[in-house]
Amino acid sequence: MATYTLPELPYDYAALAPVISPEIIELHHDKHHAAYVKGANDTLEQLAEARDKDAWGSINGLEKNLAFHLSGHILHSIYWHNMTGDGGGEPHEKDGVGELADAIAESFGSYAGFKAQLTKAAATTQGSGWGVLAYEPVSGRLIVEQVYDHQGNVGQGSVPVLVFDAWEHAFYLQYKNQKVDFIEAMWQVVNWQDVAKRYASAKQRANNLLLAP
């Protein structure tokens, strides 16, 4: 039995239009995300074979592949739920996300400052990558990370709560080479309710990171 499975979308292919077209959602989920799930499962099988045979010549490549595919699977699984056709705007207490709104203001000075930083981080990734809002458990604050591929340039222990996919397959069919336009449009579909739940959950698990005995 496979260790990882492709999650179902929480909405239909057209739910995020016109920000993201139905064609992109279908290809992105059914082809690209599915490939990361398969890649993670295949790599686990190859690592099991390496252990059985005590053959470690490919260990560096296998470990890199596992990180790549597993991180791709995890980030995409968050990505689908981070978006909704009824989303966008700024998080406010009246919408039940006041704790998240306060944390953003405390960590970045203002919502506008946070939005600018995450937009720039996502839009200026060199090649393929992500812009990520993450909870950093050592300081208890929110940080923005610029993730290369799926797994590079990440602070250890940080928990993603909002992710912007800046790979070309996420936007090229609709936005061509205008990555900045896609990232700007993404703010119209952010599901702040989902982000707030992820933030609250990350805070509850913060003590799981053991820095010293």
Side-chain angles (χ1 to χ4, degrees), residues 7-22 24-25 28-29 33 71-125 129-137 139-147 150 154-155 157-167 170-171 174-175 179-206:
E8 294 185 4
L9 286 171
Y11 35 70
D12 62 40
Y13 295 138
L16 303 179
V19 173
I20 307 179
S21 70
I24 287 179
I25 295 295
H28 196 169
H29 176 266
H33 189 172
S71 295
H73 171 43
I74 290 171
L75 288 172
H76 279 95
S77 297
I78 297 170
Y79 179 67
W80 305 125
H81 288 272
N82 272 171
M83 298 182 291
T84 175
D86 300 322
E90 182 176 344
H92 291 289
E93 184 176 358
K94 64 182 177 63
D95 300 317
V97 293
E99 186 177 1
L100 172 66
D102 290 344
I104 288 173
E106 182 177 353
S107 297
F108 300 98
S110 66
Y111 173 77
F114 152 68
K115 182 178 179 182
Q117 184 176 343
L118 182 55
T119 297
K120 290 296 184 181
T124 60
T125 51
W130 300 70
V132 174
L133 173 67
Y135 177 75
E136 196 283 287
S139 65
R141 62 174 291 156
L142 291 167
I143 61 173
V144 165
E145 296 179 325
Q146 192 177 51
V147 179
H150 298 304
V154 176
S158 60
V159 180
V161 297
L162 173 63
V163 299
F164 280 11
D165 192 341
W167 284 62
F171 64 88
Q174 186 174 355
Y175 293 84
K179 184 191 295 187
V180 174
D181 292 346
F182 171 65
I183 299 302
E184 289 286 356
M186 275 287 299
W187 292 102
Q188 300 174 41
V189 294
V190 173
N191 184 349
W192 291 116
Q193 299 293 329
D194 181 71
V195 179
K197 290 177 183 177
R198 295 180 186 279
Y199 170 66
S201 177
K203 284 185 65 179
Q204 291 176 359
R205 302 196 308 268

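- Within the structure, every pair that satisfies the salt bridge (Lys or Arg N to Asp or Glu O under 4.0 Å) test and touches residues 89-112, not counting sequence neighbours, is listed here: Glu99-Lys203.
- In terms of heavy-atom proximity, Ala166 sits nearest to Thr125 at CB-OG1, 3.7 Å.
- For Glu145, the side chain to side chain donor-acceptor pair (under 3.5 Å) partners at least two apart in sequence or on another chain are Ser158.
- The two atoms that bring Pro22 and Ala17 nearest to each other are CD-CB, 4.3 Å, heavy atoms only.
- Without hydrogens or angle criteria, Asn82 side chain to Val163 main chain gives a donor-acceptor distance under 3.5 Å.
- Listed by chain and residue number, nothing satisfies the side chain to side chain donor-acceptor pair (under 3.5 Å) test with Tyr175 (two or more places apart in sequence, or in another chain).
- Sorted by first and then second residue, the pairs that involve residues 184-194 and meet salt bridge (Lys or Arg N to Asp or Glu O under 4.0 Å), not counting sequence neighbours, are Asp194-Arg198.
- Glu136 places no side-chain N or O within 3.5 Å of a backbone atom of Ile143 that could act as its donor or acceptor partner.
- The shortest side-chain heavy-atom distance between Lys120 and Gln146 does not fall under the 4.5 Å cut-off.
- Formation of a donor-acceptor pair under 3.5 Å by the Trp192 side chain with backbone atoms of Gly89 is found in this model.
- Of the possible donor and acceptor atoms, none in the side chain of Gln188 sits under 3.5 Å from a partner among the backbone N and O of Pro18.
- Heavy-atom minimum distance, Ala103 versus Leu142: CB-CD1, 3.8 Å.
- Between Tyr199 and Leu162 the shortest side-chain heavy-atom distance does not fall below 4.5 Å.
- Looking only at atom types and distance, the side chain of Asn191 has no donor-acceptor partner in the side chain of His81 under 3.5 Å away.
- Listed by chain and residue number, Phe114 satisfy the ring-ring contact (aromatic ring centres under 6.0 Å, His included) test with Phe108 (two or more places apart in sequence, or in another chain).
- Across all their heavy atoms, Val144 and Ala121 have their closest contact at CG1-CB, 3.7 Å.
- A heavy-atom distance below 4.5 Å is found between the side chains of Pro91 and Ile104.
- For Ala122 against Ile183, the heavy-atom pair with the smallest separation is CB-CD1, 3.8 Å.
- A tilted orientation is assigned to the rings of Trp130 and His150, their planes being inclined by 30° to 60°.
- The aromatic ring centres of His33 and Tyr79 sit 6.0 Å or more apart.
- The backbone N or O of Phe171 sits nowhere less than 3.5 Å from a side-chain atom of His28 that would complete a donor-acceptor pair.
- Side-chain contact between Tyr111 and His92: absent, with no pair of heavy atoms (C-beta onward) separated by less than 4.5 Å.
- One N or O on the side chain of Ser77 and one on the backbone of His73 form a donor-acceptor pair closer than 3.5 Å.
- Residues Val19 and Met83 fail the side-chain proximity criterion, which asks for heavy atoms closer than 4.5 Å.
- In terms of heavy-atom proximity, Leu16 sits nearest to Gly85 at CD2-N, 3.6 Å.
- Phe164 meets the ring-ring contact (aromatic ring centres under 6.0 Å, His included) test with Trp187; sequence neighbours excluded.
- Taking CG from Leu133 and CD from Gln117, the interatomic distance works out to 9.5 Å, rounded to the nearest 0.5 Å.
- With a 4.5 Å cut-off on side-chain heavy atoms, Leu75 and Pro160 count as touching.
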